[in-house]
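All residue numbers in this chain count up from 1 along the given sequence.
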Amino acid sequence: GRCLLQEGDRDGVEKILAACAKGQPRACFQAAEMYREGQYGLAKDAALSLRYTKWAAHLGDAQALSNLGNMLVNGLGVVRDDAKAVRL
């Protein structure tokens, strides 16, 4: 479930990104959160956070689906789209 990395843990970050690249939904969600918050030595990057959130949602991560719906309803980093949010 949750990310158990220590601040500055680049090896752990690389493992999460590698797991995401292999299609692990939870790893993609964690990557999205790390970029959204600028954690573990990564710079805040809204575009990458959105990309990883969309990918995690596509892979079926429930929390990513919820976050993406929230982003769509509120227009956070995306064009507001209530209809699309409901379809999630």
Arg80 side-chain N/O to Leu72 backbone N/O, donor-acceptor pair under 3.5 Å: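 Checking the backbone N and O of Leu72 against the side chain of Arg80, no donor-acceptor pair under 3.5 Å is found.
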
Other than Trp55, what residues sit in its cluster of Ile, Leu, Val, Met, Phe, Trp and Tyr side chains whose heavy atoms are under 4.5 Å apart, directly or through others?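 Listed partners: Leu59.
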
For residues 23-88, pull every pair meeting disulfide (SG to SG under 2.5 Å), keeping only residues two or more places apart or in separate chains.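 Listed by first then second residue: Cys20-Cys28.
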
Hey, could you give me each pair passing disulfide (SG to SG under 2.5 Å) that has a residue in residues 58-88? Not counting sequence neighbours.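 For residues 58-88, and leaving out neighbouring residues, there are no disulfide (SG to SG under 2.5 Å) pairs at all.
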
Can you pull out every ring-ring contact (aromatic ring centres under 6.0 Å, His included) where at least one residue sits in residues 59-88? Sequence neighbours excluded, please.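 Qualifying pairs: none.
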
Where at least one partner belongs to residues 41-62, residue pairs that pass salt bridge (charged side-chain N to carboxylate O under 4.0 Å, His left out), sequence neighbours excluded: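 Checked against salt bridge (charged side-chain N to carboxylate O under 4.0 Å, His left out) - neighbours excluded - the pairs reaching residues 41-62 are Arg26-Asp61.
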
Inter- and intrachain pairs under salt bridge (charged side-chain N to carboxylate O under 4.0 Å, His left out), touching residues 30-42, at least two apart: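 Listed by first then second residue: Glu33-Arg36.
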
What distance separates Gln39 CD from Gln30 CD, expressed to the nearest 0.5 Å?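 Atom-to-atom, Gln39:CD and Gln30:CD are 8.5 Å apart.
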
Measuring from atom CE of Met34 to atom CZ of Phe29, what distance do you get when rounded to the nearest 0.5 angstrom?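 Interatomic distance, Met34 CE to Phe29 CZ, rounded to 0.5 Å: 11.0 Å.
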
Do you reckon Ile16 sits in the same ILVMFWY cluster as Leu48, going by side-chain contacts under 4.5 Å, direct or chained?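 Shared cluster, yes.
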
